[in-house]
Amino acid sequence: MIGRRGILMATSGLLAVPLAAPAVHAQGAWPNRNIRMIVPYPPGGATDAMSRLAAQKIGEKLGVSVVVENRSGANGQVGSQAMLQAPADGYTILGSASIHVMARHVMRNVPYDPVADFVPVARTARGPLVLVMSPSRPQRTIPEIVEAAKRNPAQWSFATSSLGSAGHLGTIEFNRVTGANIEIVGYRGTAPALTDVAAGNAHLMFDPVLATLPMIRGGQLRGLGIATAARTPLAPELPTLAEAGLPGFEFYSWYGVWASRAVPAELVARMNAALVEGMRETAVVERLTGLGFEPLAETVAEAERFIVADVARNAELLRIANFQPE
């Protein structure tokens, strides 16, 4: 069984070298001191690991240290709000995941607009979701699971790491397309959710390949399918969800870096150039690919366009499911 320490060990491979040491800068030039990256979730998960990799690359290219500060709480609100409250001078940024942009659609009284108040520096990578099940259940296929869940709905539940996460949205879409209406149980993070699925306390979960694949191979979880158009070379034995009975079912968790919308555009552009250059390095691409991630290297404008479309798609999914913010 894998817990928080196991996921931390799996993600630690993303960071093979320490953050860059500060370089000497002309007086008044930006940046001439450390940059702070706030991560609104605890250490040990994919969001933390991807954010630390982004911090490392920004620091290396700009010649300063980028210091990561984990400030978790309220489903990401605590850290995100702290970033906005800092001076808009380019010295405080946010490292998060796709869940960040969905805050107002899944939670009530969010004190900021994740699209209007934040500007994406860049998206850095995306990772496909895998549908896993407790190995204690006898079912082997998705049609068998759907039939059993419809017959005895009280005996089935979906675990999800947090509201608005890619796994949460994938779960809602699964219920919609299958008509199973399986109960969704929220957890405070990936590790406790996967632990409960492995123990049979919850029964199904969508989560990125980084955390799920080691548990599938270790026998703690049963892999039902991956939410991609084609099978992954990391686990060619794992069918796509389309092959498993859900045509067109594709879901990814993606990761990125944000700044306050009030930060001067030229500073955001410099951070974008640094981050894109770092994410294109051969060693970074090979490391991420080996962990099941697809590296991304976008302009600010490209990231903005993607986010607008992604939020619209997922907001419509929530509307159709009659989801009410909690």
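Worth saying up front: this structure is predicted, and the values here are computed from it rather than measured. Residue numbers count from 1 along this sequence.
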Straight-line distance of Thr212 OG1 to Gln220 CD, nearest 0.5 Å = 11.5 Å
request  = Locate the shortest heavy-atom distance separating Ser157 from Ala202; write the atom from each residue and the value.
outcome  = OG-CA, 3.5 Å
request  = For the pair Trp254 and Val101, evaluate side chain to side chain contact (heavy atoms under 4.5 Å, CB included) and give the outcome as yes or no after the intermediate values.
outcome  = CA-CA 11 Å; Trp254 54 265; Val101 299; 4.0 Å; yes
message = Is there a side chain to side chain contact (heavy atoms under 4.5 Å, CB included) between Leu62 and Ile35? Walk through the geometry before answering.
response = CA-CA 10 Å; Leu62 294 181; Ile35 294 172; 4.2 Å; yes
ask   = Heavy-atom distance under 4.5 Å between the side chains of Thr178 and Ile145, does that happen here?
value = no
inquiry  = I'd like to know if the side chain of Ser134 and the backbone of Ser136 have a donor-acceptor N/O pair within less than 3.5 Å.
reply    = yes
ask   = Would you call Glu316-Arg176 a salt bridge at under 4.0 Å N-O?
value = no
ask   = How about Asn152: does its CG atom have over 12 heavy atoms from other parts shown lying under 6.0 Å from it?
value = yes
Salt bridge flag under 4.0 Å for residues Arg151 and Glu147 = yes
ask   = Applying the 4.5 Å side-chain criterion to the ILVMFWY set and letting contacts propagate, would Leu194 and Leu131 be lumped into a single cluster?
value = no
ask   = When clusters are formed by joining ILVMFWY residues with side-chain heavy atoms under 4.5 Å apart, either directly or through shared neighbours, do Met133 and Val185 land in the same one?
value = no
key: CD1-OG distance between Ile99 and Ser253, expressed to the nearest 0.5 angstrom   = 8.5 Å
inquiry  = With a 3.5 Å distance limit and no angle check, can you tell me whether Thr240 reaches the backbone of Glu243 through a side-chain donor-acceptor pair?
reply    = yes
inquiry  = Between Asp196 (side chain only) and Asn201 (backbone N and O only), is there a donor and an acceptor less than 3.5 Å apart?
reply    = no
query = Would a distance-only check, ignoring hydrogens and angles, find a side-chain to backbone donor-acceptor pair under 3.5 Å from Tyr41 to Asn75?
reply = yes
Side chains of Met83 and Tyr112 in contact at under 4.5 Å (non-hydrogen atoms) = no
query = Under a 4.5 Å side-chain heavy-atom rule over Ile, Leu, Val, Met, Phe, Trp and Tyr, are Val110 and Val311 clustered together?
reply = yes
Heavy-atom side-chain proximity of Pro239 to Arg231 below 4.5 angstrom = yes
task = Determine, step by step, whether Glu304 and Arg261 satisfy the salt bridge (Lys or Arg N to Asp or Glu O under 4.0 Å) criterion, reporting the C-alpha distance in whole Å, the side-chain angles of both residues, the deciding distance to 0.1 Å, and the verdict.
result = CA-CA 12 Å; Glu304 292 249 49; Arg261 184 72 65 174; 2.8 Å; yes
query = When rounded to the nearest 0.5 angstrom, what distance separates OG1 in Thr171 from CD in Glu183?
reply = 12.0 Å
task = Indicate the atoms forming the closest heavy-atom contact of Glu302 with Glu298, along with that distance.
result = OE1-CA, 3.3 Å
ask   = If only atom types and distance count, is the side chain of Asn314 paired as donor or acceptor with the main-chain N or O of Asp310 below 3.5 Å?
value = yes
ask   = Parallel, tilted or perpendicular: which fits the ring planes of Tyr255 and Phe293, with parallel below 30° and perpendicular above 60°?
value = perpendicular
Phe251 with Val106, same ILVMFWY side-chain cluster at under 4.5 Å = yes
ask   = Does Val121 share a hydrophobic cluster with Leu267, counting links as ILVMFWY side-chain heavy atoms below 4.5 Å and allowing steps through other members?
value = yes
query = For the atom pair CZ (Phe174) and CG (Leu204), what is the distance rounded to the nearest 0.5 Å?
reply = 6.5 Å
Close side-chain approach of Leu224 and Phe206, heavy atoms under 4.5 Å = no
Expected output: side-chain Asn272 to main-chain Val268 donor-acceptor under 3.5 Å = no
query = Say you draw a straight line from CD of Glu237 to CZ of Arg217; how long is it, rounded to the nearest 0.5 Å?
reply = 5.5 Å
query = Under 4.5 Å between any side-chain heavy atoms of Ile307 and Trp258, yes or no?
reply = yes
task = Identify the two heavy atoms, one from Gly223 and one from Ile216, that lie closest to each other, and give their separation to 0.1 Å.
result = CA-CD1, 3.7 Å
key: Arg108 (side chain) donor-acceptor with Pro325 (main chain) under 3.5 angstrom   = yes
query = Ignoring hydrogens and geometry, is there a side-chain-to-backbone donor-acceptor pair from Lys61 to Val276 under 3.5 Å?
reply = no
request  = Any chance you could lay out the side chain to side chain contact (heavy atoms under 4.5 Å, CB included) test for Val300 and Val119, step after step, and finish with the verdict?
outcome  = CA-CA 8 Å; Val300 174; Val119 59; 3.9 Å; yes
task = Would you indicate whether the side-chain heavy atoms of Asp89 and Trp30 approach each other to under 4.5 Å?
result = no
query = Within 45° of the axis and under 6.0 Å from the centre of the six-membered ring of Phe118, does NZ or CZ of Arg104 qualify?
reply = no
task = Ignoring hydrogens and angles, tell me if any N or O in the side chain of Arg222 forms a donor-acceptor pair with the backbone of Pro135 under 3.5 Å.
result = yes
key: Side-chain donor-acceptor pair present, Gln324, Asn322, cut-off under 3.5 Å   = yes
key: Between CG on residue Leu84 and CG on residue Asp117, distance to nearest 0.5 Å   = 5.5 Å
Reference residue Leu53; test side-chain contact (heavy atoms from CB on, under 4.5 Å); the match among Asp48, Leu288, Leu275 = Leu288
key: Test log, rule side chain to side chain contact (heavy atoms under 4.5 Å, CB included), inputs Met102 and Leu318   = CA-CA 10 Å; Met102 294 303 298; Leu318 293 172; 3.8 Å; yes
inquiry  = Donor-acceptor pair, distance only, cut-off 3.5 Å: does the side chain of Tyr252 make one with the backbone of Thr228?
reply    = no
inquiry  = For a 4.5 angstrom cut-off between non-hydrogen side-chain atoms, does Pro153 reach Asn181?
reply    = no
query = Is the shortest heavy-atom distance from the side chain of Phe323 to the side chain of His168 under 4.5 Å?
reply = yes
